[in-house]
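Single-structure report; data block below.
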Number of protein chains: 4
Amino acid sequence: MRSAATAGRVREARKEQTRARILEAARRAFAARGFHATLMDHVAQQAGLSKGALYVHFPSKEELFLALLDDAAATLVDRITQAIAGAHGGRAKVAAALESALDTFEEHEDLTWVFLVESSGARGPVEQRRWELRAALTDLVRRYLDEAVASGDLPPQDTALAAAVWMGAVSEVVVGWLRQPSRPLRDVVPQLTSLLLRSVGFPDA
Amino acid sequence: MRSAATAGRVREARKEQTRARILEAARRAFAARGFHATLMDHVAQQAGLSKGALYVHFPSKEELFLALLDDAAATLVDRITQAIAGAHGGRAKVAAALESALDTFEEHEDLTWVFLVESSGARGPVEQRRWELRAALTDLVRRYLDEAVASGDLPPQDTALAAAVWMGAVSEVVVGWLRQPSRPLRDVVPQLTSLLLRSVGFPDA
Amino acid sequence: MRSAATAGRVREARKEQTRARILEAARRAFAARGFHATLMDHVAQQAGLSKGALYVHFPSKEELFLALLDDAAATLVDRITQAIAGAHGGRAKVAAALESALDTFEEHEDLTWVFLVESSGARGPVEQRRWELRAALTDLVRRYLDEAVASGDLPPQDTALAAAVWMGAVSEVVVGWLRQPSRPLRDVVPQLTSLLLRSVGFPDA
Amino acid sequence: MRSAATAGRVREARKEQTRARILEAARRAFAARGFHATLMDHVAQQAGLSKGALYVHFPSKEELFLALLDDAAATLVDRITQAIAGAHGGRAKVAAALESALDTFEEHEDLTWVFLVESSGARGPVEQRRWELRAALTDLVRRYLDEAVASGDLPPQDTALAAAVWMGAVSEVVVGWLRQPSRPLRDVVPQLTSLLLRSVGFPDA
DNA sequence: GATGAATGAGAATTCATTCAT
DNA sequence: GATGAATGAATTCTCATTCAT
């Protein structure tokens, strides 16, 4: 006979599993059809669960989408942070960041679509959160630029503006690729890196 | 006694007026609440017309939004094209283009919101069109960059990529300003211009 | 200078013409798409007039349809009455009636469709009228059967029932032909006549 | 503790019950007001359910009506087929068929109205189906007539035409009774039987 | 009389969410 | 926890009819 505590742990693990399954299904569903066109029915079907089960784990369609968004942002920030940590020197760090970002976008098309493109009407809490997460990412970039300025690798400048430019540039390129995948996204890394580095005044390689 | 032809012309003019009134109302409504949250009721009320009248002039909510989108794009392209024509020299043309774009965005907040932010679910024909219009604008930029490359003002490069970078950068900055208007958008023009020019290899002023 | 009376007569004639034009257009439109699926717009277009003009001549869509129905019934009754008047002898009269009815249906497919098939929801005033007209036609048949009984050509019987049977039989055959025109309707006249005559006890030819 | 399978079966049974309840409500509603004048609201109210529930069981108003139509036709065909099987001899079979048909019509006024009278605009899929079902019933009659001809009980003739005549005749009589119920429908059976038998050349009883 | 833009009361259908089992 | 039938408020689009010109 298992102890109550063990049973509780088992139950919790199973719950977590179901939650992950739903999230996974939601990712596919939302990426495939967009927020509005995706019905809770679609997510449920994709997850192999009933609609009711969705509501056991998430209080609403919106919250489900929000959780997805947070996931996407966290994944992205993790990857980029690690990439930067692994690189040495200002220029290398920037290049690593870009490369890891584009790699992540390329590997996780679904999340990318959700994070960069999908919308639920540009005014609701969902779009608000999406913008905040995007702003957080932009701020991450800004901090590295600030460091580079502090270390003298970069001339003093409006790093917030520069970070926004970088964010917008990357987003545009990625979305363009999502809409019309031609060559692998990786292949534009060198040129995009050059462009962005030049934009902030890094002397060319 | 007015002739039948005159009466016809008068009626036609009035019809055109109503159409414009609806478009105007739609602009406000969509900008305020987004595509999905905006009801035809809202547009009708905003226009001071009945819902039915909307359908006399536009076959569907979607077509109405599309008309709005086309309007926004046409306005923008016109303005930018004129600005560029009025400037002399590669660098000046670029600066003029940017300035006129940002000016237009600043003056027509509603249209800007509709054009750059608003979405109707990223998969439908609306988003498709929005992306096409955006691509057309990007292409306009690319052509000027090509000219600059041809004239030797700019080193040879992937101008399509550069144009996408510019488009994304401007969009990001404008959207950030829309979400949190701080200083006038115009004020960032010089720095944004520098950044973008540097990105393509224009020697700094 | 024309007298007022003349002018009045001219105007009246023109009005009558327009009314006929509308009726003609309505006949085609209703026969083609049915009562509900036919829009006043369709009738107007078919008539080459504006929707408003329709309402000058008919107070409502329903009244327009009713007028059509009355037309169809009147045409039919006229034709049949004349045909009967031109034939001599009980059996010949019946045969002439049937033949003229089927001829009329065949020649005026539109009116036939409107009269025998088209419906506007089986409960409204339109269906009521359609049934009354049909009942009137049935009654016409009954009167001739009564005559035949009175003259001893036919055994005494429930002529109202017999008339209903005839009406239903003819209607069914005609509608079947309308839905799937194969051989000319005329060709079934001899056999149908035999069947119906036999049904009331006429000795076969 | 009920097993999941048992619970499933229970739920399924309940679902079937609801479906039947809706069909029943629809029968009344459509018979009372006709297809177009009947709103889904009416059916829902009649069924004591929400409008949404209707759409859980039937995809559209049209499909609901179609299901009703199929029901009516199946009931009718069953009844007639059984009645014929239970009778012996050509004449008796015909009489039994007619009697059972009229009985069924009399007992199920609602379905009869729906099957013989109600229309949804004579052009749509609904009318198409109604005509097909009617044609199937006519064909059933034709087959028995063919048998009678084959067995020598009836002279050779166009049995398809005769079947149509019978169908139309019965329909007309029934509809007349529906519109103005006087004496019980059963009472006309003997005379109607005589008429129809005579029409195909059966010697009178 | 004719026109056709405008009206407005519908009507069908949708879908996130709930809850009895 | 899971199920899925039921809910019901929401929403787009329709179309007979009106009326200022």
Check if the side chain of A:Lys51 and the base of E:dT17 share a donor-acceptor pair of N or O atoms closer than 3.5 Å. yes
Does D:Lys61 have a side-chain nitrogen or oxygen under 4.0 Å from the phosphate oxygens OP1 or OP2 of E:dA12? yes
Starting at the 5' end of DNA chain E and moving along, which residue's nearest nucleotide shows up first, D:Gly52 or B:Thr18? B:Thr18
From the set E:dA6, E:dT21, F:dT7, return the single nucleotide nearest to any side-chain atom of D:Val56. F:dT7
For C:Gln45 and F:dA16, what is the distance between atoms CD and P respectively, to the nearest whole Å? 14 Å
Is the CD atom of D:Glu132 crowded by more than 12 outside heavy atoms at less than 6.0 Å? yes
Rounding to a whole Å, what distance do you find between C:His36:NE2 and F:dT14:P? 16 Å
Taking for D:Leu49 and for C:Met40 the nucleotide of DNA chain F with the nearest heavy atom, the one nearer the 5' end belongs to D:Leu49
Taking only N and O in the side chain of C:His57, is any of them less than 4.0 Å away from OP1 or OP2 of E:dG1? no
Stem list for DNA chain E, please, built from Watson-Crick and G-U wobble pairs under 3.5 Å and keeping only runs of at least 3. E:2-21 with F:2-21
I want to verify a distance call: between F:dC13, F:dA2, E:dG8, whose nearest atom is closest to the B:Ser50 side chain? E:dG8
What nucleotide, of F:dA16, F:dT17, E:dC15, holds the atom closest to the side chain of C:Ser60? F:dT17
Interatomic distance, C:Arg21 CZ vs E:dG1 P [rounded to whole Å]: 14 Å
Whole-Å gap separating C1' (F:dT11) and CZ (B:Phe35): 12 Å
What's the closest nucleotide to the B:Lys15 side chain, out of E:dG1, E:dA12, E:dA5? E:dA5
D:Lys61 side-chain N/O to D:Thr38 backbone N/O, donor-acceptor pair under 3.5 Å: yes
Nearest heavy-atom contact between B:Ser60 and B:Met40 is C-CE, 4.3 Å
Could you tell me whether the side chain of A:Arg130 and the main chain of A:Leu69 form a donor-acceptor pair under 3.5 Å? no
Ranking F:dT17, E:dC15, E:dT21 by distance to the side chain of D:Arg14, first place goes to E:dT21
Got a sec, which residues hit side chain to side chain donor-acceptor pair (under 3.5 Å) with A:Arg28, two or more places apart in sequence or on another chain? A:Glu24, A:Gln46
Counting N and O atoms only, with roles assigned by atom type, does the side chain of D:His57 sit under 3.5 Å from a partner on the main chain of D:Leu54, one being a donor and the other an acceptor? no
Could you state the CG-P distance from A:Leu54 to F:dG1, rounded to the nearest angstrom? 14 Å
With DNA chain F as reference, determine whether C:Thr38 or B:Leu39 sits nearer its 5' end, using the nearest nucleotide of each. B:Leu39
A:Glu63 atom CD is separated from E:dT17 atom C1', nearest whole Å, by 14 Å
Value in whole Å for how far the C1' atom of F:dA10 lies from CZ of B:Arg33: 14 Å
Any sub-3.5 Å donor-acceptor pair from D:Arg21's side-chain atoms to D:Ala47's backbone N or O? yes
Could you please name the option among F:dT12, F:dA2, F:dA10 that lies closest to any side-chain atom of B:Asp41? F:dT12
Describe, in one word, how the ring planes of D:Phe30 and D:Phe65 are oriented to each other, choosing from parallel (under 30°), tilted (30 to 60°) and perpendicular (over 60°). perpendicular
Could you state the OH-P distance from D:Tyr55 to F:dG8, rounded to the nearest angstrom? 16 Å
